[in-house]
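Worksheet for the structure shown next.
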Amino acid sequence: MTVSDHPIATSLVRLRPSRHRTRSAPLDGGRPVPVDTSTEVDGPTVGLAVQFVLLAALSATVGLGPAGWLAGSAYAVVSWLLLVRGMRRSGARTLGAANQVTLARASLVGGVTALVATSFWAPAPVGLLVAVASVALALDWVDGQVARRTGTTSALGARFDMEVDAFLILVLSAYLARSLGGWVLAIGVLRYVFVAAAWALPWLRAALPHRFSRKTVAAMQGIVLAVASSGLLPGPLAYASVGLALALLCWSFARDVGWLWRARHRDPVSAGSR
């Protein structure tokens, strides 16, 4: 399966565009000309700062224990490093509007991560946790719409979006595992197991045909986990809904792995074109 399809409102901050600094370079008799030395780290750095502002706000209002600060800070730094690396590898100089929305979602996911980590040592503000996670899930639709309407879809944006989604699913499944059982972790871990397997089995990295059902199942995971985390569902219904979500996720993965297995000897270009 395409990794980006599985783990699966407004932006917190409007990122400033990258400033283009200039320096003088000799040309044609020593005349100075402007040379673009802009850096691509402006957007991610603003996102890093916003993340720590959010952590400080959560600490001041609902309280974050050492575990929450550690988890939130580690998430913020690793996210910054990976985004900067991704921008450099793709040649992107700035974050477009859609990626700015995704960056805001990433900050919200960092807040959820800190709250979940804190909940292992003290009672969690469930309402706030679910609210922040719900906004992050809602913005997943927004950044896709922005990318399509502005014609700024890119491999970097798709990968960034996917990683944010996947980590939110992992964190929510970890939160629910304490009340429903360790089996819930499979929802968050399954995508990472697939990625690890793809390192050893190159045929798992081939392109897949588009399937609307794959996107539907992926989106369903976050919604079901957020609702179950709220505690509004009776116990049996929470077990049933999360179990159904996991079953559909396993079915979707199994179907795509089966397709990749059958297509493993085909020409990569032909397989991808389907």
Side-chain angles (χ1 to χ4, degrees), residues 1-8 71 75 105-106 108-109 112-113 115-117 119-120 124 126-127 129-141 144 158-159 161-201 203-206 208-262:
M1 77 180 47
T2 301
V3 178
S4 63
D5 285 326
H6 274 295
I8 326 195
Y75 168 87
R105 289 204 307 117
L108 292 174
V109 173
V112 175
T113 301
L115 291 172
V116 170
S119 73
F120 285 92
V126 178
L129 189 155
V130 173
V132 175
S134 298
V135 174
L137 290 170
L139 287 175
D140 186 26
W141 178 84
R159 182 64 182 270
D161 181 70
M162 175 270 297
E163 295 295 348
V164 172
D165 287 340
F167 197 77
L168 176 59
I169 296 301
L170 177 63
V171 170
L172 289 177
S173 64
Y175 177 73
L176 268 179
R178 292 188 305 156
S179 57
L180 299 185
W183 61 273
V184 181
L185 280 171
I187 294 179
V189 170
L190 191 55
R191 181 257 170 182
Y192 294 99
V193 171
F194 179 86
V195 172
W199 281 97
L201 304 171
W203 54 271
L204 286 174
R205 300 196 290 269
L208 278 164
H210 171 78
R211 287 193 177 106
F212 180 75
S213 60
R214 184 187 304 125
K215 294 182 178 294
T216 302
V217 170
M220 176 184 178
Q221 307 306 310
I223 296 172
V224 170
L225 289 175
V227 172
S229 297
S230 69
L232 298 176
L233 298 178
L237 186 55
Y239 277 97
S241 59
V242 176
L244 177 60
L246 176 58
L248 289 173
L249 187 63
C250 291
W251 163 78
S252 186
F253 268 102
R255 181 184 60 174
D256 284 344
V257 169
W259 189 93
L260 290 169
W261 170 259
R262 293 189 296 272

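- Atoms CG and CG, on Leu246 and Leu180 in that order, are 11.5 Å from each other to the nearest 0.5 Å.
- Leu190 pairs in a side chain to side chain contact (heavy atoms under 4.5 Å, CB included) with only one of the listed residues (Cys250, Ser173, Ser252), which is Cys250.
- Using a 4.5 Å heavy-atom threshold, the side chains of Leu172 and Leu129 count as touching.
- Of all heavy-atom pairs between Ser229 and Leu176, the closest is OG-CG, 3.6 Å.
- Residue Gln221 is tested with Leu137, Val242, Ile187 for a side chain to side chain contact (heavy atoms under 4.5 Å, CB included); the sole match is Ile187.
- In this structure, Arg191 CZ and Leu170 CG are separated by 10.0 Å, a value rounded to the nearest 0.5 Å.
- Atoms CZ and CG, from Arg105 and Asp165 in turn, are 4.5 Å apart once rounded to the nearest 0.5 Å.
- In this structure, the side chains of Val217 and Trp251 come closer than 4.5 Å at one or more pairs of heavy atoms.
- Ring planes of Phe194 and Phe253: tilted class, angle from 30 to 60°.
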Please tabulate, for the side chains in residues 233-240, all donor-acceptor contacts under 3.5 angstrom to protein atoms that are two or more places apart in sequence or on a different chain.
none

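- Rounding to the nearest 0.5 angstrom, the gap separating the CG atom in Asp256 from the OG atom in Ser213 is 7.5 Å.
- Summarising the geometry, atom OG1 belonging to Thr216 is positioned 12.5 Å from atom CZ belonging to Arg211; distances are rounded to the nearest 0.5 Å.
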Give the C-alpha distance, both sets of side-chain angles, the deciding distance and a yes or no for side-chain contact (heavy atoms from CB on, under 4.5 Å) between Asp161 and Asp140. CA-CA 8 Å; Asp161 181 70; Asp140 186 26; 2.9 Å; yes
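- The OG atom of Ser230 lies 11.0 Å from the CG atom of Leu225; values are rounded to the nearest 0.5 Å.
- Within the 4.5 Å cutoff, side-chain heavy atoms of Leu260 are placed close to those of Leu208.
- By the 6.0 Å and 45° rule, Arg255 does not stack over the aromatic ring of Trp259.
- Checked by atom type and distance alone, the side chain of Tyr175 never pairs as donor or acceptor with a backbone atom of Ala226 at under 3.5 Å.
- Each of Leu139, Val109, Ile169 was scored for a side chain to side chain contact (heavy atoms under 4.5 Å, CB included) with Val164, with one residue passing: Val109.
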